[in-house]
K.L.:
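Please see the structure below; I have some questions.
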Amino acid sequence: MPSITTVNPATGEDIESYETLSLEQAKAKVDACQKAFEKWKLRSLEDRASVIKSIGQALRDRKEDLAQLMTKEVGKLIGDSRDEVELCAAICDYTAANGPDELADERRDPNNADHGIVTYSPIGIVYGIQPWNFPAYQVIRYAIASLMVGNGVLLKHASICTGSGLLIEEIFKQGGLPDNLFSVLVIDHDISDEIIAHDKVRGVTLTGSDGAGKHVAEKAGKLLKKTVLELGSNDAYLVLEDADLDHAAEVCARARLYNNGQTCINGKRFIVTDKIYDAFVEKFVAKFEAIETGDPTADGTDMGPMSNADLRGDLQDQVDKSVENGATIACGGAIPEGPGAFYPATVLTDVAPGQPAYDDELFGPVASVIRAKDDEDAMRLANDSRYGLGGGILCGDKDRAVEMAKQHFDTGMVFINTYGVADPSMPFGGVKDSGYGREHGGFGVKEFANAKSIFVGAD
């Protein structure tokens, strides 16, 4: 049988090999998940919430095991890996506490019956195709919401973090989830398409590139299956004329470099008004020049490696093409010698349309700085993107920034004078080529629910 071998991006050494499933083996797992779902859907909301609460505790119990494995597989800083597991546990806590109320029956008063009931029913099996940059969070985000509504869950994880996916399956069982209700499929892309087409798979969710999203949406759409897609991004952070530049440089550096620069809602384009441009760039570049890469398992390391050498090579190509088309390297910008997939914290200035640094997603620690004439021009440039996941505004007048975010910023999320990744209480998702659908905030539990209308006549 073909196999997958995971590799430590900090050292280049092999970690573990895993046999992939045949189509028949994968279909058998789908059938087993369906049987588990048929029992799970009959359990009460409160019962499901209790199990989800226990999964949260199991994640905390195994936090160090999972954090160490994630760091080994994808190069995350060990502190970030531990924080990721805590976020996953918090999602379980939030869902357990709020899920029953979100999914409770609603009474309505239709004109054609004595009364109506809206009930949220599970749809069946939800298939998730997830990336490597948050090996635990990307799974928990859709799986826990789907389990809360009563669905079964399948996971195809990114091959480079196969071990993390399998450990999460073990942790779910440790938390009391019935066997086969959450199942990891170690499969290739061709078999993944067969799983999308399986008649027992009723919903598909993917986090990944916009190209992958279009492929999955087409496969699922031809079969009229619901999808939720969280795709690429080129998030813009606006630094307006009244911004505190020291604070802005700190927030923007964190927004770009968090998780080794490999996060969908990292800040990627930094649009700075002309009046403060030079002063901001000086402070911003100084933050990047102070960053040192190193062992991601060591506490205190500023930044670890990229997840693999191939993606690092792709990033270097984007930097080189941007420079060929007029961008300037203010710091970094070259692959260092030595083992591992390390890449320096890099700032590009003179970024303009026609460069990958302006037009595309740079998934690594490279910041694109763009000069705007004024605040209005900055917002125009921010929206000049095919993506619309998140973004930020650094400013002195927060009330004005809130109005800009509400009325003009064409994204699903906006951070004002701060940077964050996700919170269980707030909806997560984007617009345009960044996908559709929402997770978290009460929205996620209803994405793969059947909002069923029941009309009740008079006695």
Side-chain angles (χ1 to χ4, degrees), residues 76-77 79-84 86-87 90-91 133-134 137-138 141 207 230 232-240 242-273 276 280-281 283-291 301-304 345-348 361-370 378-379 381-383 385 387-398 400-402 404-406 409-430 434 439-441:
K76 297 173 70 75
L77 296 181
D80 290 345
S81 290
R82 291 171 181 142
D83 290 345
E84 182 176 338
E86 282 294 337
L87 173 59
I91 290 169
N133 56 336
F134 288 87
Y137 167 69
Q138 299 285 7
R141 187 169 73 190
T207 299
E230 191 266 283
S233 70
N234 196 1
D235 288 7
Y237 273 61
L238 285 65
V239 184
L240 304 183
D242 63 347
D244 178 326
L245 294 189
D246 288 324
H247 180 68
E250 174 64 33
V251 170
C252 290
R254 185 166 70 250
R256 174 63 281 204
L257 299 177
Y258 177 72
N259 202 43
N260 305 335
Q262 299 169 118
T263 299
C264 53
I265 55 168
N266 276 134
K268 299 184 174 77
R269 294 177 298 143
F270 299 88
I271 302 173
V272 187
T273 55
I276 58 170
F280 172 81
V281 169
K283 293 176 184 293
F284 192 51
V285 169
K287 295 285 185 185
F288 277 58
E289 289 178 332
I291 297 293
T301 296
D302 292 329
M303 193 169 72
T346 298
V347 175
L348 298 179
E361 179 175 32
L362 272 59
F363 211 66
V366 179
S368 303
V369 184
I370 301 166
M379 181 56 73
L381 290 166
N383 288 330
S385 173
Y387 297 115
L389 186 60
I393 303 174
L394 284 302
C395 62
D397 187 344
K398 288 188 288 186
R400 176 172 174 248
V402 168
M404 291 175 70
K406 289 165 62 175
F409 220 150
D410 194 10
T411 65
M413 296 170 281
V414 182
F415 295 90
I416 297 173
N417 287 340
T418 190
Y419 170 73
V421 179
D423 186 277
S425 67
M426 296 289 283
F428 187 103
S434 290
E439 296 168 298
H440 296 325

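Everything numeric in this text was worked out from a predicted model, so none of it was measured.
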K.L.:
What distance separates K398 NZ from I416 CD1, expressed to the nearest 0.5 Å?
P.N.:
9.0 Å
K.L.:
Ignoring hydrogens and angles, tell me if any N or O in the side chain of D244 forms a donor-acceptor pair with the backbone of G396 under 3.5 Å.
P.N.:
no
K.L.:
Can you classify the ring geometry of F280 versus F284 as parallel (below 30°), tilted (30 to 60°) or perpendicular (above 60°)?
P.N.:
parallel
K.L.:
With under 30° as parallel and over 60° as perpendicular, where do the rings of F428 and H440 fit, or are they tilted in between?
P.N.:
perpendicular
K.L.:
Please report the closest heavy-atom contact between V414 and G392, naming both atoms and the distance.
P.N.:
CG1-CA, 4.4 Å
K.L.:
Please name the pair of heavy atoms, one in S233 and one in L389, separated by the smallest distance, quoted to 0.1 Å.
P.N.:
CB-CB, 3.7 Å
K.L.:
Going by side chain to side chain contact (heavy atoms under 4.5 Å, CB included), I271 matches just one of L381, V239, L240. Which one?
P.N.:
L381
K.L.:
Could you report the tightest heavy-atom contact between G391 and D235, atom names first, then the distance?
P.N.:
N-OD2, 3.9 Å
K.L.:
Say you draw a straight line from CG of L77 to CG of D302; how long is it, rounded to the nearest 0.5 Å?
P.N.:
8.5 Å
K.L.:
Can you see whether F270 has R256 sitting over its ring - NZ or CZ less than 6.0 Å from the centre and within 45° of the normal?
P.N.:
no
K.L.:
Give a yes or no on whether the backbone of D242 and the side-chain of D397 come within a donor-acceptor separation of less than 3.5 Å.
P.N.:
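No, D397 side chain to D242 backbone: no donor-acceptor pair under 3.5 Å.
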K.L.:
Quick one: does E84's side chain get under 4.5 Å of N259's, heavy atoms only?
P.N.:
no
K.L.:
State, to 0.1 Å, how close G420 and F415 come at their nearest heavy-atom pair, and which atoms those are.
P.N.:
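Nearest heavy atoms, G420 then F415: O-CZ, 3.1 Å.
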K.L.:
Between Q262 and N133, is there a donor-acceptor pair closer than 3.5 Å when you use the side chain of the first and the backbone of the second?
P.N.:
no
K.L.:
Below 4.5 Å, heavy atoms only, C-beta onward: do C395 and M404 meet side chain to side chain?
P.N.:
no
K.L.:
Backbone N or O of M413 within a donor-acceptor pair of the T411 side chain at under 3.5 Å?
P.N.:
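Yes.
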K.L.:
What distance do L394 atom CG and T418 atom OG1 have between them, rounded to the nearest 0.5 Å?
P.N.:
9.5 Å
K.L.:
For F288 versus P365, what's the shortest heavy-atom pair and its separation?
P.N.:
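Scanning both residues, the minimum pair turns out to be CE2-O, 4.5 Å.
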K.L.:
Could you state the interatomic distance from CD1 (I91) to OG (S425), rounded to the nearest 0.5 Å?
P.N.:
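That separation rounds to 11.0 Å.
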K.L.:
Any side-chain heavy atom of N417 sitting closer than 4.5 Å to one from V251?
P.N.:
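When only atoms from C-beta onward are counted, V251 and N417 do not touch, as no gap falls below 4.5 Å.
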K.L.:
Is the backbone N or O of K268 less than 3.5 Å from a side-chain atom of N266, with the two atoms forming a donor-acceptor pair by type?
P.N.:
no
K.L.:
Between R82 and E86, is the salt bridge (charged side-chain N to carboxylate O under 4.0 Å, His left out) condition met? List the steps.
P.N.:
CA-CA 6 Å; R82 291 171 181 142; E86 282 294 337; over 6 Å; no
K.L.:
Does the side chain of F409 reach to within under 4.5 Å of the side chain of L238, using non-hydrogen atoms?
P.N.:
yes
K.L.:
Please check this pair: side chain of S434 against backbone of G232, looking for a donor-acceptor N/O pair closer than 3.5 Å.
P.N.:
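Such a contact is found between S434 side chain and G232 backbone.
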K.L.:
Going from SG on C252 to OH on Y419, what distance comes out if it is rounded to the nearest 0.5 angstrom?
P.N.:
11.5 Å
K.L.:
Within this structure, what is the CZ-CG distance for the pair R141 and L87, rounded to the nearest 0.5 Å?
P.N.:
10.0 Å
K.L.:
Looking at every heavy atom in both A249 and K287, which two are closest together, and how far apart are they?
P.N.:
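Closest approach of A249 to K287: O-CG, 4.1 Å.
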K.L.:
Begin with the C-alpha distance, continue with both residues' side-chain angles, and end with the deciding distance and a verdict on side chain to side chain contact (heavy atoms under 4.5 Å, CB included) for V369 and V272.
P.N.:
CA-CA 7 Å; V369 184; V272 187; 4.2 Å; yes
